[in-house]
Each structure stands twice: as structure tokens, then as C-alpha cells.
2 protein chains.
Amino acid sequence: MKTADPELMRAINRFTVLDTIRRHGPISRVEISERSQLSTTTVSAITASLLDDGLILTRHEGDIRNAAARGRPRVMLVLNPDAARVVGAKIAAHQMNFVVTDFCGEVISHLSLPIRVNRQPVGVISDLIEDGVRRCVVDAGLSLDDIDTVCIGFPGVIEHRTGLVRSSPILSEPDVDFAREMSQRLNVATIVESDSHAITLGHHWFGKGRDLDDMVLVSLEQTLGLGVLNGGQLFRGAGGLSHNLGDLMMGCGLAETIRLSALAGEQAILGEQSQQGRFAEAVRLGRGMAHAQTLIAAEDNGLTAAATRAGEAIGIAVANIVTLFGPPRVVIVGSSLLLGHVFLTTLSEAYRRAIPPSIREIAELVFDNSPDEMWAQGAAVVALCELYESPWGTTGPAPAPQH
Amino acid sequence: MKTADPELMRAINRFTVLDTIRRHGPISRVEISERSQLSTTTVSAITASLLDDGLILTRHEGDIRNAAARGRPRVMLVLNPDAARVVGAKIAAHQMNFVVTDFCGEVISHLSLPIRVNRQPVGVISDLIEDGVRRCVVDAGLSLDDIDTVCIGFPGVIEHRTGLVRSSPILSEPDVDFAREMSQRLNVATIVESDSHAITLGHHWFGKGRDLDDMVLVSLEQTLGLGVLNGGQLFRGAGGLSHNLGDLMMGCGLAETIRLSALAGEQAILGEQSQQGRFAEAVRLGRGMAHAQTLIAAEDNGLTAAATRAGEAIGIAVANIVTLFGPPRVVIVGSSLLLGHVFLTTLSEAYRRAIPPSIREIAELVFDNSPDEMWAQGAAVVALCELYESPWGTTGPAPAPQH
DNA sequence: CGATTTTATACGCGTTAAGGAAAAAATGCG
DNA sequence: CGCATTTTTTCCTTAACGCGTATAAAATCG
């Protein structure tokens, strides 16, 4: 059971203020006070402390109120981008993406490496990731010493609390302690997180979930993942395990059951054709879905059927997720969206038919195919969230030692 | 965003102490301090306040430590059963159950009314519930004025925050504001909650979930419900809606989909036979499942097939729930358990086959068919939880006004 | 039987943080 | 240049936690 002491109180209120400044751009102390329900006194004390710690900056310009601004002008506060730097990474089967971001989550440098890591030994993958991180940091004009935290987004089932990769399609062995591995290699605090969770927070900060504190995100890539945002925070089930939608069983009786991944996973959609020729080439380059889309446009019957089947299954699964979580919005992301029109309309239609009428109105479906960079940025956001919540100094301008 | 102030701090710590006393029976202050990580000073102050408010009592007997107990003997603290009384109710299609409990959740009186409320007008149902509550209170030797809170457990989709019954199989109309209706009739604060949520908390306090702060409960009655306990608290999705498992879609493609309720709902299992003769009689008395079990034992092929089909479907659904929430335990309750051996083994077997191997070990399945009284008691627990969290006085012995 | 030991609880004090009142700062307007 | 106005800071009060220590209550020992 969590007990409360002044420290917790300070942590909560500091985070509230910092998060308010992050969300609502340049903002004055009074407005923070209004938004957060904290007294102006408290806001003043906390902002003083944040300024003292160098986490925020004052900006005297930009008071965009009524031009007839009388009285003492507001001093606007913004995050100090230079307060910290983090690295976010997204590891996929055929592609690795790295970003370095500032304290605001803005991307400073981006590195995309089209390398197949699928089924490589853990040591090789660690090597590749280490190289990617180092290079991306150098590209940003920084050194690893300038980096506060690294967060690596991995497909599969990840135990966030311990940094354990319980199972991942790109690792041949289970239960890899990747967090420790990378922390040691880089000598920087490293978080390992499910890629779905990363992109969920990414959308919460910068994407399709900016306005909501409750939502669900479904990611359709090599694995089928889920991120649940509840009260502005990621919902991590008991044990902090990430979810794996692909393991959901579709079907009524044992005779006809099949896992969702076998219906709508990347491999299931692309099928056997993808093992050969130009298709295999495209897949190897991480462009399997795009290639499939051109084939579908050219009326490839097999692929069209696969896309339809996958769309239906996902639509039903999403309806079930909505039944369980009742979110106001479902954001659907991932490479499978590249399958195009057939897939999307089938999905939407299946969803519409599967959702119980009584809750048909509560959730809206939103599709988004942001580039891989955004996934890496999401991982960076995961790292930033931890920084935001970590304790820094104490509130208030420390009683300056009298000289 | 929730901000912190001394009031919140106090509320958190008071609750922690109160909950520790409730859970760990007669307990001394030192032990509370050890368990809660609060200093002995704080525990002393808070317990003084709780004693002052009459919520707890001291007991000088019962120090069950090492017999060679030297030093000052510990003073044991227990909840004061008389600190409050609440009413819990479980409303089902053919049966209403009421309990009055003390502050510890112990049942003082229990009333079971075998009345069919199914599809009655809202006014009639309200009348019946009102009568039941009043009579149960009188049976306990109390008057309604002695009751602090009433909680009514309803099947269906309930919005706990507002007390709205969004949809329920026993109400013919949607969106009934039952909380207000009953509050007005009884002139006592009334909570409306999903019956699944009620029995979940009931099991957390007294049943199969006493030792766990994270678990999932699946209830199989007229409706198929779900309760998720996360960190010792009920997980209520966005908007505080309760879940409805019965609305889950089983099946891969649109052609073969069917809702879980159509496979494993009470009506789906009992089938058309239950409309006639002695079976109908049994159903009307709320003994449909028990009757079905005797028929199955007598090798009724139709019913056996139905039970098998339902067991398979539920087993798969439970596996999917575990995939999503990863709880260490799943408690399965409800009248359908009365179907007996065929149903239970099919369910377990289907679960075993449907659960992904990687997480096969994390969750255990537990069956429980406690009597209806426990559901009502669970509703009482819901009411008690609100009382526990509500602010009472201030911490510590108020600085006695100097005379 | 009283002194000593041992343990539990209570009390005083210091620290930290929130919040209210009022002063101080910074600007526009007459 | 003084005054009105709005924002921010300063000072003070209140509340709560934790530390150290005093006190209370029993068991043991001389």
C-alpha cells in the first residue's frame, strides 16, 4: 500500500505543474493556477523551483491576451528544451529507428536503419542497437554523456517493471534482460517497453490522442499490440506486462478456433507468396505491406482475400476491446494500414457490425499511419515521462545560504 | 488533474490504516506501522483519531505473540462493528437478496425473496426492492435511520459514477437513474453497481481473492460479467462503465460470429425446453441451472451439448481476458457453475488449450459457487468501501481546548 | 517485594508544504 | 506623474509527517 508524505505531495504537484506547462505551451503562472486548481502561491513556489532546476524558462514576449492588457504583464513559462536529452528507439523485424529528442520531446535527430534483425542472436541485435543509438546521438551533435535516458520499443510481450523481454518475434530466445544489457553497454539508464505502449504515449503527446486522457490504441505490425491509456497514464496490467492482441483466440468452439495473429498478423496476411521473388525482396526491405497493397490494387485475389479476412478479424477484436474498456477513441496504427482501402473498409464494417448497439456511440475509430519516426519518438516520450515523475530538488527557492 | 494537499495526504493515510486494521484483524499499532510503512507516531495519531470517531475499538486481550511476551503488552485494535451499517442487495431475474452488514462487512440479517422481477416495470421493481430493504433492516433490529449507505447490485451495464443503469436484462427500458430513485424512496444514500463488481469486491474481502490485490472475476449468470481488481481497487474503464462479457463477439469472420451471450448466457444454455413444463417451473423459481444439472446427469443430450458449447466458449473468453489483463488468478462464479462436471471440465480444458503457452503459468482458475447472500454482501462491501474512503474528522487528537 | 529490563505508546519539536492576505512589481491611462 | 489594474512575490498560519525522547505497563531478576 502506498502511503502519503510531504514528498509524495510535492512530487504530485510538481508533476502537475510541469505537465501543464508542457501541454499548454507558453503559459503564465495564473493560468497554471486556474488549470491545476493549485493556489497561485503554490504555483509560484513550484515554478521557482523548476526554474531553479533549469527545467523551465521564462519568456516575456507572447502574452496573447486581449490587446488592452493592463496591469503587470504575465510572464510566460515554457519547458526548457535543453533540460534533458533522451533517445527513443523502435526495433522492428526489418527496420530500426532511432531519435534523439529534447526535453519537450521534439526530435533533434532521426536515424532509420533498414537492417533485418529478425531472429538474429541477442548479441548481434544488441550490437546493432548500440551502434544505432551511438550514431544517432552523434548526429544530434551530442555525446552519450548528454543523454539522460534511453528507451527501446520492442515488439512482443515486455515486462516494463523489470525490463525483461518475455517473448518477442525478433528474438529467438525468451526472457531476455534487455534493459540490463543495454544499460551496461551504453552506461545510460535504459528502459525497455512494448512498442505499442510507446506509440500510445507518442499519440497522447503529439498525435491522435492529444486531447484525451482515456483512449485505446491498437497496433498492427508484425505483432498485434494494445495500449490502454487510463487517466492519462498507461494501464499496465498486474505485473506490468504488455498485452499481446495476437494471442487472442477467435472462434466459438475449440474446433474452429484460431489465434488472431494467424488471421491478421503480418505473416498471415502476406502468406506464402511473400517467401519468394520480388515479394520476398520487398518484405526483406520492410516494405511488404506496401508491396501487398500494389498487388491488391492489381487485383491479386489471394492477397485481397487475406486482407479481407484480416480486416474482419481485427474489426471484431477491436469491437471486443471497446466492449471491455469503453474508451472514447480507438487509434489504429501500424504497417498493416498500408494494405489500403479493402482492409480499412472491411475493418470498419466488421467493427460496426460487431460492436453492441448500446455502446456504438461511445467510441470513434481513428486510423493513423505516421512514419516509424513517431514510434521512436513515442519511446522517447516513455523515457521523458519517467524523467518528469522523478524527484529533482525541493520546492521553493532554497533558502539561499547567507554570505 | 488531481492535485495534492494535506487533506489528500490525510485521506490516504487514514484509509491505509483503517484498511490494515480491517484486513489484519486485531492488530497492534506497531504492527500497523510495520505493515504500512508509516511511522509509529503517525499511526498513533491516526488511530487516536479513528478511536475518537468511534471507527475502531481497543482490545487488551489477544496478544498472540511469543508466550514469553516481555515488556508492555500490545493493545490490539479492531474495527468497531457498530460504526456503521449498510445494506447490500443483489437483484436477479428470479430472486432478490438483501443483507444488512456491520462496519466489518459481517452479515447481521439476510433476506432472500424468490420473486420474479424480470421485465417488470421500473416502478414495480423499485417497490419490491424498497420493501426488501426495509424488511431486511427491520429483521436486523434496526431502523432505516441507522443505515448509512445502500448499495444495489444489478446485472447489466451500470455506470457507477452516476448510478445509471445503462442496460439491464431485467429492465425493459434503458438508462434508468436507479440511484436517484432509490435514494429518494429510502432517504438513504444509495449506490448502484454492477453485480459483477459487487461480487468481485466481496471475494476480495471475504472470498477467493482475500490474499490478492490483482485478480479478475468472471460471473456467469443471466448476464456474463467481469470484474477487474487492480492494485486493490476495482478497475472501472473510462466513464466508470461496467463491462459486459456477454457482448463479446466470438468468431473469426463476420459470417461465423456470434455473441458470447448467445452461446453461454443462461437462456442460451437452457434453450427452448426451458419454456415448458417442469423446467419452466424450475426456471421461474430461479433453479433453472440446478434443474439442468439433474437433466444432464440423466444424460439429456441437448442440454449436455449446450453445456459443452457454453463451457468451450467461456473457456476461450477467459483465456482472452487473461491475455489482456494478465491476472494471477481468475475467479469464476455464478449460477452456471451449477451445470456441473461437464461444464466445468469443458471450460477448464478449453481454457487450457486457448491460453498462449507463454503465459500459461501466470493465472490460476478458481471456481466458486457461494450462495446469493455473498453477492449481496459484496454489494455491502462496495458501500463500505465508499465509507472508508470518505473523510471523517481530522487526524490526531484535536488540541484539546484549554479550560 | 522492589529494581531492572523490555517493549509499546504518547508527547514535544522540527521540517515541509499548501494556502490566504497583503505587499510589491510592472504596465497603461488620464 | 500619480493612479488603476493585474500579476507575482513575500510573509504568516495551518496541517501533517517523522524523529527523538519520555512515559507507561508488564515480566524478570535479585
Side-chain angles (χ1 to χ4, degrees), chain A residues 2-17 26-34 36-52 58-61 63 65-77 391 393-400, chain B residues 2-17 26-34 36-52 56 58-63 65-77 391 393-400:
Chain A
K2 220 177 197 171
T3 69
D5 53 13
E7 197 177 334
L8 176 72
M9 205 156 91
R10 190 182 66 210
I12 293 174
N13 289 339
R14 259 180 85 98
F15 176 78
T16 303
V17 170
I27 185 175
S28 70
R29 293 178 175 80
V30 235
E31 209 179 332
I32 296 173
S33 165
E34 286 162 8
S36 65
Q37 309 282 13
L38 290 165
S39 72
T40 57
T41 309
T42 305
V43 171
S44 236
I46 294 176
T47 51
S49 154
L50 294 173
L51 281 165
D52 199 51
T58 58
R59 283 211 336 209
H60 288 270
E61 67 233 59
D63 184 347
R65 278 177 307 160
N66 194 342
R70 326 229 299 174
R72 178 174 174 171
R74 303 177 168 183
V75 175
M76 307 309 263
L77 302 169
T394 59
T395 292
Chain B
K2 218 176 196 168
T3 69
D5 52 14
E7 196 178 335
L8 176 72
M9 204 155 92
R10 191 182 64 209
I12 292 175
N13 289 340
R14 258 180 85 98
F15 176 79
T16 303
V17 170
I27 184 175
S28 70
R29 293 178 174 79
V30 235
E31 210 179 332
I32 297 173
S33 164
E34 284 162 10
S36 65
Q37 308 281 15
L38 289 165
S39 73
T40 57
T41 311
T42 306
V43 171
S44 241
I46 293 177
T47 51
S49 155
L50 294 173
L51 281 165
D52 200 51
I56 61 175
T58 58
R59 284 208 339 207
H60 289 269
E61 67 236 58
D63 185 348
R65 278 176 308 162
N66 194 340
R70 326 227 299 174
R72 178 174 175 174
R74 304 180 167 180
V75 174
M76 307 309 263
L77 302 170
T394 59
T395 292

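Since this is a predicted model, take the numbers as computed values, not measurements. Within every chain, numbering begins at 1; the chains are lettered A, B, ... in the order of the sequence lines, protein sequences first and strands thereafter. Computed from heavy atoms alone, side chains included, the values below leave out hydrogens, waters and symmetry copies.
Atom-to-atom distance recorded for B:Arg10:CZ and B:Ser49:OG is 8.0 Å, nearest 0.5 angstrom. Rounding to the nearest 0.5 Å places CD1 of B:Ile27 at 8.5 Å from OG of B:Ser36. Of the inter-residue distances, the one linking A:Ile12 atom CD1 with A:Arg14 atom CZ reads 13.5 Å to the nearest 0.5 angstrom. Between the CD atom of B:Gln37 and the CG atom of A:Asp5 there is a distance of 11.0 Å, given to the nearest 0.5 Å.
For B:Ser39, counting side-chain heavy atoms from C-beta on, the closest listed nucleotide (C:dT16, D:dC19, D:dT7) is D:dC19. The side chain of B:Val30 lies closest to C:dA8, out of D:dT8, C:dT16, C:dA8. Nearest nucleotide to the side chain of A:Arg29, out of D:dC17, C:dA18, D:dT9: D:dT9. The side chain of B:Thr42 sits closest to D:dC17 out of C:dT9, D:dT9, D:dC17. Distances from the side chain of A:Ser44 to the nucleotides C:dT9, D:dA16, D:dT8 place D:dT8 closest. Listed nucleotides: D:dT7, D:dC17, C:dA18. Nearest to the side chain of B:Asn13: D:dC17.
Screening B:Val43, B:Ile46, B:Val17, B:Thr40 for a side-chain contact (heavy atoms from CB on, under 4.5 Å) involving B:Arg29 leaves a single residue, B:Val43.
Atom CD1 of A:Ile27 is separated from atom C1' of D:dT7 by 14 Å (rounded to the nearest Å). B:Glu34 places its CD atom 14 Å from the C1' atom of C:dT9, with the value rounded to the nearest Å. Here the C1' atom of nucleotide C:dT9 and the CD1 atom of B:Ile56 are 13 Å apart, to the nearest Å. For the pair B:Gln37 CD and D:dC17 P, the interatomic distance rounds to 15 Å; values are reported in whole Å. Atom CD in A:Glu7 sits about 12 Å away from atom C1' in D:dC17, given to the nearest Å. Rounded to an integer number of Å, the gap from CE of B:Met76 to C1' of D:dA25 is 16 Å. B:Leu8 has its CG atom 12 Å from the P atom of C:dA18, to the nearest Å. Look at CE on B:Met9: it is 14 Å from C1' on C:dG19, rounded to the nearest Å.
With the nearest nucleotide of DNA chain D identified for both A:Asp5 and A:Thr40, A:Thr40 has the one nearer the 5' end. Nearer to the 5' terminus of DNA chain C, by closest-nucleotide assignment, is the contact made by B:Thr47 (compared with the other of A:Leu38 and B:Thr47).
Remark: the B:Thr41 side chain and the D:dC17 base include no donor-acceptor N/O pair separated by less than 3.5 Å.
The shortest distance between the side-chain N/O atoms of A:Arg10 and the OP1/OP2 oxygens of C:dA18 is not below 4.0 Å.
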